[in-house]
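Below is one structure, written out as structure tokens; comments come after it.
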Amino acid sequence: MKTKALVLFSGGLDSRLVIKLLQEQSIDVEAVYIKLPFGSGCCNDFQCVFNYSQIQGVKLHVIDCTKPPLFNEYMEIIKNPKYGRGVSLNPCKDCKLFLLKKAKELGENIKADFLATGEVLGQRPNSQYKSHMILIEKQAGLDGKVLRPLSAKLLPETEAEKKGLVDRNKLLAIEGRQRKKQIELAKKYNIKYPAPAGGCLLCEKDYCKKLKEFLNFKEKLNIKNEEIQLLSLGKHFRSPLTKNKIILGRNEEQNQQLEQINQTLKYNIIIPKTIPGPTAIFENIQDKELAEQLIKIHSSKNNSKDKSKKQFEKLRI
Ligand code: SF4
């Protein structure tokens with residue numbers, strides 16, 4: 001029987017290389033792409049992820065955490081991380097633990113001999129120090145069962161290496177943030193890869209300011225994925241009357257996006273017909289008057305726009 005590995009595939013260069021390195025050892029590789037509500041930190045373009053798996057002849061599994069019930073499970077760790085946060089709201093250790101647990105379940109189902117990740121020792125603070133990696137895999141019940149081919153020679157030998165399922169001599173000893181070695185390997189294997197993208201929204205200060213404010217208001221209530229999507233869209237105001245939100249589109253494209261998201265969210269919506277102004281969606285009907293005022297002052301027909309806007313600026317999130 002051929003050895004089978006399940007690779008946690010983010011779509012970025014590192015996990016692309018891991019697929020190649022393991023295939024070179026004649027290991028049967030399957031990959032799992034775990035779609036997260038705030039982006040996966042590498043490649044958020046699913047088509048790109050899918051294309052690579054097809055080119056390499058790898059079976060791709062997708063675990064979608066942007067929809068219930070996994071969405072709710074993930075949001076729990078965002079609200080109450082056990083291992084703290086990074087520079088912003090990013091709970092990287094808890095997030096990695098979540099990813100490993102989900103991959104472990106899948107690995108057991110497909111009878112993979114081991115899991116492999118594209119993690120590189122010391123590449124990212126918070127979750128890629130040796131002690132953190134070991135702690136996370138222990139907590140996931142995967143002690144010694146996660147292979148990190150790019151840094152394997154700098155890490156304790158895993159079960160798969162001890163059993164001879166994978167040849168440690170052919171694994172690498174990459175460390176740190178520089179990607180020189182990975183870029184050389186990409187050339188050698190002729191791998192196309194995406195430029196490191198904006199990645200995880202949980203690391204972005206402006207976004208997290210809105211998310212934090214949102215979580216303070218929604219802490220005890222059920223959070224919907226669409227509400228999370230809205231945080232990176234439009235201008236947000238908090239009503240002093242109801243404490244609910246009013247959101248205005250910034251341009252035509254965003255107006256349409258608001259309309260589309262609202263088909264699921266079912267907030268109240270105003271699409272101005274008589275004046276050229278932004279679409280507004282708002283949760284509480286008691287905020288209708290305020291929503292209308294906001295539309296009016298953000299209308300391109302409003303001459304005293306700047307002066308009026310200031311009155312409402314204190315409601316802005
Ligand atoms: S940056 Fe941290 S929180 Fe964001 S996806 Fe990566 S591990 Fe998870």
Side-chain angles (χ1 to χ4, degrees), residues 5-27 29 31-34 36 38-58 60 86-88 90 92-93 95-96 99-100 103 114-137 146-158 160-161 166-204:
L6 178 64
V7 174
L8 276 89
F9 183 38
S10 69
L13 174 57
D14 294 338
S15 49
R16 283 175 196 234
L17 288 172
V18 167
I19 290 175
K20 286 300 283 185
L21 287 170
L22 295 179
Q23 282 181 328
E24 247 187 8
Q25 294 206 25
S26 301
I27 290 169
V29 178
V32 56
Y33 176 70
I34 306 184
L36 295 175
F38 301 96
S40 61
C42 280
C43 182
N44 294 324
D45 178 356
F46 177 70
Q47 195 56 46
C48 179
V49 168
F50 178 72
N51 289 346
Y52 186 77
S53 66
Q54 294 298 292
I55 291 165
Q56 302 307 328
V58 164
L60 180 69
V87 285
S88 200
N90 49 315
C92 291
K93 288 194 211 98
C95 177
K96 292 269 181 190
L99 299 178
L100 278 187
F114 63 93
L115 299 183
T117 77
E119 290 167 296
V120 170
L121 197 61
Q123 188 183 63
R124 290 184 193 178
N126 208 19
S127 63
Q128 285 180 221
Y129 293 138
K130 194 191 280 189
S131 57
H132 294 168
M133 286 178 174
I134 291 169
L135 168 87
I136 292 165
E137 68 178 48
V146 182
L147 183 74
R148 296 162 176 105
L150 299 180
S151 296
K153 284 183 174 163
L154 303 170
L155 294 165
E157 221 177 346
T158 59
E161 291 159 280
V166 58
D167 183 352
R168 185 173 173 89
N169 292 323
K170 292 182 182 159
L171 303 176
L172 306 176
I174 304 176
E175 185 172 15
R177 300 174 75 95
Q178 287 225 345
R179 291 163 47 92
K180 205 169 148 224
K181 182 73 189 162
Q182 288 97 311
I183 291 167
E184 278 170 22
L185 286 167
K187 276 192 193 139
K188 178 183 156 193
Y189 291 124
N190 195 20
I191 291 178
K192 289 197 175 58
Y193 58 95
C200 177
L201 286 167
L202 294 170
C203 298
E204 288 182 15

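Between Leu60 and Phe46 there is a side-chain heavy-atom pair separated by less than 4.5 Å. Considering only heavy atoms from C-beta on, Leu147 comes within 4.5 Å of Leu171 through its side chain. Counting heavy atoms from C-beta outward, Asp14 and Glu119 have side chains that stay 4.5 Å or more apart. Between Lys93 and Lys96 the shortest side-chain heavy-atom distance does not fall below 4.5 Å. For the pair His132 and Leu135, the minimum side-chain heavy-atom distance is 4.5 Å or more.
Under 3.5 Å, the side chains of Gln182 and Tyr193 contain no donor-acceptor pair of N or O atoms.
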Working for salt bridge (Lys or Arg N to Asp or Glu O under 4.0 Å), residues Glu137 and Arg148: CA-CA 12 Å; Glu137 68 178 48; Arg148 296 162 176 105; 2.7 Å; yes

Might you work through the side chain to side chain contact (heavy atoms under 4.5 Å, CB included) test for Lys130 and Leu154, ending with a clear yes or no? CA-CA 9 Å; Lys130 194 191 280 189; Leu154 303 170; 5.6 Å; no

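Distance OG/Ser88 to CG/Leu202: 7.5 Å, rounded to 0.5 Å. In this structure, CG on Leu172 lies 13.0 Å from CG on Leu121, to the nearest 0.5 angstrom. To the nearest 0.5 angstrom, Lys20 atom NZ is 10.0 Å from Lys188 atom NZ. Atom CD of Gln123 is separated from atom OG of Ser151 by 8.0 Å, given to the nearest 0.5 angstrom. To the nearest 0.5 Å, atoms CD (Glu204) and CG (Asn90) are separated by 11.0 Å. Within the model, atoms CD of Glu24 and CG of Leu17 stand 10.5 Å from one another, a figure rounded to the nearest 0.5 Å.
The heavy-atom pair separating Ala103 from Leu115 by the smallest distance is O-CD2, 3.8 Å. Across Leu150 and Gly118, no two heavy atoms sit closer than the pair CD1-O, 3.7 Å. Here the closest non-hydrogen pair linking Val49 and Gly11 is CG2-CA, 3.8 Å. Shortest non-hydrogen contact noted between Ala31 and Ile19 is CB-CD1, 4.3 Å. When all heavy atoms are compared, the tightest approach of Val120 to Gly176 is CG1-O, 3.8 Å.
Proximity of a side-chain donor or acceptor of Thr158 to a complementary backbone N or O of Val146 within less than 3.5 Å is not detected. With Lys153 contributing its side chain and Asn169 its backbone, the two residues share a donor-acceptor pair below 3.5 Å. For the pair Gln56 (side chain) and Ser53 (backbone), a donor-acceptor distance under 3.5 Å is absent. In this structure a side-chain-to-backbone donor-acceptor pair under 3.5 Å is present from Ser15 to Ser10. Side-chain N or O atoms of Tyr52 include one that pairs as donor or acceptor with a backbone N or O of Arg16 at under 3.5 Å.
Evaluated for a side chain to side chain contact (heavy atoms under 4.5 Å, CB included) with Val29, the options Leu21, Leu6, Leu22, Val18 yield exactly one hit, Leu22.
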